[in-house]
Amino acid sequence: MIRTRFAPSPTGYLHIGGVRTALFNWLLTHRHGGKFILRIDDTDTERNRPEALQPILDGFRWLGLNWDEGPEIGGPCAPYFQSQRSERYTVAAMQLLETGDAYPDYMTKEELEADRKAAEAAKRPYIHRGPHRHTPASECVRLYREKPTTLRFKIPLGQESIVEDLICGHCVQKTDLIGDPVILRVDGRPLYNFASVIDDVDMKITHVIRAREHLSNTYVQVPMFAALGAELPKFGHVPVINEPNSNKKLSKRDMKKFLTPEIRAKLHAIGWTDEQIESRDDLNPVTVAFYREMGYLPAAVVNYLGRLGWSLDDKTEFIPLDQMIANFGLERVNDSPARFDPDKLYWLAGEYMKLLPMPEKVQGCIPFLRRAGMIADPPSPAELVKLGRVLEASGDRIKLFSDVLIYGGPFFRNDPIYDEKAVTKKLKKAGAADVLRGFVPRLQAAEQFDAPALEKLLHDYCAEKNLKAGDLVHPLRVAVTGVEVGIGLFDTLAILGREETLRRIDMGLKLG
RNA sequence: GCCCCCAUCGUCUAGAGGCCUAGGACAUAGCCCUCUCAAGGCUAAGACAGGGGUUCGAAUCCCCUUGGGGGUACCA
């Protein structure tokens, strides 16, 4: 049985790249049957932000990426927070100290820095080996007990650190080129490279699937597994994801820069105020949270992420989760970096929305209408009926739940918001008002007020008056909805009903 | 500086020496459909980074160059 893990550090908000890595772990686990473990790498207490954890967990839950062991649910290898495992790291470090695989290093940061500068000036690699590297183990133990300091792992020399990577293939690094890494800080807290190894051993991780930037860490970690007498897990280093329109790695620092004026406008359009946006620093298009708030279907996000760096074959783009699980394998993970492309994600969102059953579509749209203050909480039965009719008539126009505001807005507001340009172009156009006015009696007299009947009514009228359908359709649409775009006109009128249609035509005519 | 990794249309990708005149998808453009906008249909434009090998034959294998990325922390 395989055991995989994803180990986010709550130092900032989780971005798309991290989620993609987690997804690959999750898929591999579900493909082969195993456990997916969530472990929190919070050893860096200076940069750690406890409030960043919850959004990460929420994001996973929203996407449906459940974890078998980890925060909130525990498991046989608890605790799953590195900050609560310090004793374990201390014990392991002391073990290495006693076996002669670690040694204390009393050099100060300043001395280290000077060494590094000197090495760089001389154009040779900087490889630190502490003075106590060759001190006998028993003496090292004594020194460390007397005066605790940083503990370094003793990289074995004259060897090659070999990683048979499931994605990168055969990767090699000469150990002579690897400096002895610090495993415990002066204050006893462990460093990533060490804590990660200990946890992977303790949690019996069989497959370490992580971002490519950890490949060089792996060369350091391989000898640690050996020194610990532990079996080496399999590794797979997935390529990084780059920022949109850039070949720089997506980083969790400076994510605010993705909150462009255009993105901000989109958020405004669905009812977010600037204050609300500012209070949420995870609200930008490289986080999962953003897509949830915009009303993307999580299945589309998962599909998109899964296809980013992995492919099923030469043509399949739409790959629902069960199909992805059944076919996922690291051998088809691409070897080179991928760029995040919001356009393709948007297209996939539409594809998934097409397939969503109507009751779920209705439920998904409600929060957006509510946020915009267009429906009651909970919605009245009449509102639900109307929403159903609007969504039915909207067809494939709704790709995101938030699109309900665009297509449903005119139906859930008391009065239309008249778009100035539309009014000028369609309603104030020469003759338009007269055409519209002339059609009113027909609407008043119509026997039936449903879409097919209205269509016939309008076409008959146009034929009679020798008009093109558009001559009446356009002004009529603007009069009753205020805008030029929307769902089919006859559905629009039918949903509004005769009385409301006539009232709005009257409003529109007053503008002209 | 040193080390490691990567390199096919704008983007995601297919491609395991002949199925390649390099396939698909997103985006783009045009046309059709049409009451607008979507959706749908059709079409167009668009790539093997460069140079050397190996081979009868290279996008595919090797080397070099170039370009890009990552690491080089008492960050993860």
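For clarity, every value in this text was computed on a predicted model and none was experimentally measured.
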### Query
Looking at residues at least two apart in the chain, or sitting in another chain, which of them share a side-chain contact (heavy atoms from CB on, under 4.5 Å) with A/V483?
A/D419, A/T481
### Query
Heavy atoms under 4.0 Å, any strand shown: does A/K354 hit a base, just sugar-phosphate, or nothing?
sugar-phosphate
### Message
What's the gap between B/A25 and B/G40 when it is taken at their P atoms, as a whole Å value?
### Response
12 Å
So which protein nitrogen or oxygen atoms get under 3.5 Å of nucleotides 13-19 of chain B's nitrogens or oxygens?
residue: B/U13; atom: OP1; partner: A/G309; partner atom: N; Å: 2.5
residue: B/U13; atom: O3'; partner: A/S311; partner atom: OG; Å: 3.4
residue: B/A14; atom: OP1; partner: A/S311; partner atom: OG; Å: 3.0
residue: B/G15; atom: OP1; partner: A/R332; partner atom: NH1; Å: 3.1

### Summary
When rounded to whole Å, the CD to C1' distance for the pair A/E120 and B/C2 reads 9 Å
### Query
Between B/C37, B/A76, B/G1, which one does the side chain of A/K123 approach most closely?
B/G1
### Message
For nucleotides 27-32 of chain B, give me one character per nucleotide, 5' to 3': B if any protein heavy atom sits under 4.0 Å from the base, S if the only such contacts are to the sugar-phosphate, - if neither.
### Response
S-----
## Note on the structure
Residues pairing under salt bridge (charged side-chain N to carboxylate O under 4.0 Å, His left out) where one sits in residues 4-20 of chain A, two or more places apart or in two chains, turn out to be A/R5-A/D200
### Task
Could you tell me the separation between the CZ atom of A/R212 and the P atom of B/A7, rounded to a whole number of Å?
9 Å
### Query
Residues two or more places apart in sequence or in another chain: which of them pass side-chain contact (heavy atoms from CB on, under 4.5 Å) with A/S394?
A/V390, A/I398, A/Y407, A/I487
### Task
Mind checking A/G470 for me? I need base, sugar-phosphate or nothing, with any heavy atom below 4.0 Å counting as a touch.
nothing
#### Entry: Results of salt bridge (Lys or Arg N to Asp or Glu O under 4.0 Å) for A/K266 - residues two or more places apart only
none
#### Entry: Any donor-acceptor N/O pair under 3.5 Å between B/C37 base and A/R397 side chain
yes
